[in-house]
J.: 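Sharing a structure, written as structure tokens. Questions coming.
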There are 2 protein chains.
Amino acid sequence: MTPRRRATLRDIAAALDLSVNTVSRALAGKDAVSEETRERVRREAERLGYVPNTMARSLVLRNAMAIGLVITNPSNPFYARLISAIEERGRVHGYSLMLMVTEDSVDNERRVAEELMRWGVDGVLAVPVQHGADHWDRLRRSGTPVVLLNRDLPGLDADLVGVDYYDSARRATGLLLDGGARDLYLVEEDLDISPVAERVRGFRTVLDERGVTVGDDHIIRVPTRRRESSSQPWDPVDSYAIGRELAARVGPGSAVLAGNDYFALGVYRAFTEHGLAVPGDVAVAGHGDHPFAAYLNPPLTTVRLPAAEVGATAVDRLLERMGGEGGEAATGAPRTTLLPAEVVVRASTGSTGSTGTEVP
Amino acid sequence: MTPRRRATLRDIAAALDLSVNTVSRALAGKDAVSEETRERVRREAERLGYVPNTMARSLVLRNAMAIGLVITNPSNPFYARLISAIEERGRVHGYSLMLMVTEDSVDNERRVAEELMRWGVDGVLAVPVQHGADHWDRLRRSGTPVVLLNRDLPGLDADLVGVDYYDSARRATGLLLDGGARDLYLVEEDLDISPVAERVRGFRTVLDERGVTVGDDHIIRVPTRRRESSSQPWDPVDSYAIGRELAARVGPGSAVLAGNDYFALGVYRAFTEHGLAVPGDVAVAGHGDHPFAAYLNPPLTTVRLPAAEVGATAVDRLLERMGGEGGEAATGAPRTTLLPAEVVVRASTGSTGSTGTEVP
DNA sequence: TTGAAAGCGCTAACAC
DNA sequence: GTGTTAGCGCTTTCAA
């Protein structure tokens, strides 16, 4: 290899006996350059394999052409799809992505917030760990717009784009009630984050409205072990353990709503092993519509989350705040946008009397 | 908000009546600065909320402190884990990640390669689309080290860190043969990429060695529909269709090895619906050990891929080539490192006479 | 239409 | 120890 120096504007200018300035304008497609010169410059740039230096450009223009994306765990299928959607939408607008992973650790989050400030990214999209927001506050005060993804962080001057989990839990719970269940359980992650809180609230509210009473012990928290099994998605193993306990308590008229499909899967298996029929003895529904959900036996009723829409909307919102495309940066109070999720009814809730064959 | 300008070294210098230079050295922890001055500088920096400007620093130091990560599809659980591992290892060494997604499109890949050149990243880790490598060649010739992830790209001057799929296919196939199967099928993605080729080779080789003959129609290609279902992982729907066809052909003595667990899942379901027992009528094994594999009914025998190890090794290799930590950049012919995968035996192959209860 | 000069924020080389 | 000068590669005044 010839690790030779990259060609710069200066090289082109020297070769053509022009000023750096003229070359810059020629390549930038500005007027005030003769067509002939422009053509010569283009050719020489091509010949030299010139590639503009983004950092130098950013330095003088004072915009980084990069946005920071902070994710707790890329192995979570929802976040994986979010990443794709955001990357795509970002690139369409000319922005590159600096990806940072927190693994749900505040320490990591603090570090990446600092890192993002150093880079001077034009904006930040973040799934916050949701404990302490001083570092995000600093970032905000330095003038960097922040849009929160999926999880709220009250008190922070930042928009939020997420999923309407309150509504999704309401509808999923309603479906279970409609199916005749009266002994309902909610299995959720043991994290103090808004999506969980919202689902709990939705679950509770519908039960209240319908006059169904369940004890507090029907809202079950699955211990989170993300940090140990670094960068694994939720592991069904913990919900499996819970499913085994549950197996002794449930029976006809029982139903389990899980905060994510992995939990549903663990419970599922525990039930099956215990000789319980799904949905005969107990109905089960999940959240996420992960690719495996439709192929389980029986297929799993679940909530399909609008990952791509959340991602695209979040980028758009950030762009508004950044004042992209030369427009004025939008100001004003933080906006919250919660996108609706769709309940996908399959055989595990028996609600349709389905035979379990309706593979999507 | 007060989108006030970020504090710079100059601001600190002015406030303290020092030169920018002294401030720089004080903060950089170099000698040739009195302890007293250093303390004053530190305090003022703190007071002003000073954050160093990475881009300016990179520009003069001529290293970006960033590496590019090019992924075909973050929703593939293997790549998701790869991303986490790489981000972590990179950050340990002070490198930030520029993430680019190609969705297996060469056009996208060309664009991101160009983008990475503009950023002048110090190195690139890429899962190549594997059709045409001119853009990677250009990148290489500009002096940027490239390490390929998981897929080979012969002819390119770049290291490769991946999984030994030849070996994994050999062992998985051997397991099926040991279980008594003689009518073997391999279900693979319809992509012209090295992992698929290696698995096919492994499959074929073992059969030859054992004197088992199967027709060419036993190697089945599942059409890839990634681009349409943008940023979805493999969808079991296509393998499900194939599973339905297969259901009519298989019976005791048959076995199916799938190139990934999603394919196994689709086949699984088709078989179950058709009244075939797994592993009684047909054994099934997958690749990837996705989190759902152990919880299927019966639990799926599969190959556990060393995602974290691949990621960490790839970063290390890249660092060597970059000559990080002040060391000399390693030169020399491209190196290939294939990490071994582990076959996880579960009930779907019946090889252990397992009852299907050994949840991991 | 083109060029000269200044500067983005930082670090390195060399003076003092 | 500290300051001065120069320069990374680029864009933007402002003159010519």
Side-chain angles (χ1 to χ4, degrees), chain A residues 4-42 44-45 48-66 94 117-122 142-143 326, chain B residues 4-42 44-45 48-66 94 117-122 142-143 326:
Chain A
R4 65 175 189 291
R5 207 174 45 74
R6 279 170 63 177
T8 70
L9 288 187
R10 196 153 60 150
D11 299 326
I12 302 177
L16 262 35
D17 202 30
L18 287 170
S19 76
V20 170
N21 189 330
T22 304
V23 175
S24 168
R25 283 187 328 240
L27 256 22
K30 309 230 167 160
D31 343 337
V33 178
S34 76
E35 256 323 309
E36 192 215 324
T37 306
R38 193 188 303 279
E39 212 20 71
R40 286 177 59 216
V41 169
R42 279 220 191 91
E44 186 63 15
L48 260 37
Y50 171 75
V51 175
N53 183 322
T54 296
M55 295 221 191
R57 190 165 198 280
S58 292
L59 190 58
V60 45
L61 258 32
R62 330 178 111 262
N63 66 346
M65 291 317 287
M117 293 202 66
R118 289 170 184 250
W119 277 105
V121 292
D122 302 314
S142 82
Chain B
R4 66 174 189 291
R5 205 173 46 73
R6 280 169 64 177
T8 70
L9 287 187
R10 222 214 324 214
D11 299 327
I12 302 177
L16 262 34
D17 202 30
L18 287 171
S19 78
V20 170
N21 189 327
T22 302
V23 175
S24 168
R25 282 187 327 239
L27 256 21
K30 311 228 168 166
D31 344 336
V33 178
S34 75
E35 257 322 309
E36 192 215 324
T37 307
R38 193 189 301 282
E39 211 24 70
R40 286 176 59 215
V41 169
R42 278 221 192 91
E44 186 64 14
L48 259 35
Y50 170 75
V51 175
N53 183 324
T54 296
M55 296 223 190
R57 191 165 197 279
S58 292
L59 191 58
V60 46
L61 257 31
R62 327 176 114 262
N63 67 344
M65 292 316 288
M117 292 202 67
R118 289 171 185 252
W119 277 104
V121 291
D122 301 314
S142 83

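Values below: all heavy atoms of this structure, side chains included; hydrogens, waters and symmetry mates excluded. Per chain, numbering begins at 1; letters A, B, ... match sequence-line order.
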J.: Closer than 3.5 angstrom, by distance alone: can the side chain of B:Arg38 be matched with the main-chain N or O of B:Lys30 as a donor-acceptor pair?
T.: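 Yes; at least one donor-acceptor contact below 3.5 Å.
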
J.: Is there a side-chain polar atom (N or O) of B:Ser24 under 4.0 Å from OP1 or OP2 of C:dT11?
T.: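 For C:dT11, OP1 or OP2 has a side-chain N or O of B:Ser24 closer than 4.0 Å.
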
J.: Quick one: label B:Arg25 by what it contacts on the DNA or RNA (base, sugar-phosphate, nothing), any heavy atom closer than 4.0 Å.
T.: base

J.: Tell me whether the side-chain N/O atoms of A:Arg10 come closer than 4.0 Å to OP1 or OP2 in D:dG7.
T.: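 Checking D:dG7 against A:Arg10, no side-chain N or O comes under 4.0 Å of OP1 or OP2.
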
J.: Among C:dC10, D:dC8, D:dT2, which nucleotide sits nearest the side chain of B:Leu9?
T.: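 It is C:dC10.
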
J.: Between C:dG9 atom P and B:Asn21 atom CG, what is the distance in whole Å?
T.: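 Atom CG in B:Asn21 sits about 17 Å away from atom P in C:dG9.
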
J.: Specify the separation, in whole Å, of atom CG of A:Leu48 and atom C1' of D:dG9.
T.: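 Value for this atom pair: 15 Å.
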
J.: Atom CZ of A:Arg62 and atom C1' of C:dA6: how far apart are they, to the nearest Å?
T.: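 One finds 14 Å between C1' of C:dA6 and CZ of A:Arg62, rounded.
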
J.: Does atom CZ of B:Arg25 have more than 12 heavy-atom neighbours, drawn from other residues, nucleotides or ligands, at distances under 6.0 Å?
T.: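 Yes, the 6.0 Å shell around CZ holds more than 12 heavy atoms from other groups.
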
J.: Respond yes when some side-chain nitrogen or oxygen of B:Ser19 is under 4.0 Å from OP1 or OP2 of D:dG3, and no when none is.
T.: yes

J.: Looking at B:Thr37, does any N or O in its side chain come under 4.0 Å of the phosphate oxygens OP1/OP2 on D:dT2?
T.: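 Yes.
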
J.: Would you tell me if any nitrogen or oxygen in the side chain of A:Lys30 comes within less than 4.0 Å of OP1 or OP2 on D:dT12?
T.: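 The answer is yes; a side-chain N or O of A:Lys30 sits under 4.0 Å from OP1 or OP2.
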
J.: Taking only side-chain nitrogens and oxygens of B:Thr8, does any of them come within less than 4.0 Å of OP1 or OP2 of C:dG9?
T.: no

J.: What contact category does A:Ser58 fall into here, base, sugar-phosphate, or nothing, at under 4.0 angstrom with non-hydrogen atoms?
T.: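 No contact.
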
J.: To the nearest Å, give me how far apart CG (A:Leu59) and P (C:dC8) are.
T.: 9 Å

J.: Among C:dG9, C:dT2, C:dA12, which is the nearest nucleotide to the side chain of B:Ala56?
T.: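 For the B:Ala56 side chain, the nearest candidate turns out to be C:dG9.
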
J.: How long is the line joining CZ of B:Arg38 and P of D:dG1, in whole Å?
T.: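 Nearest whole value for this atom pair: 10 Å.
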
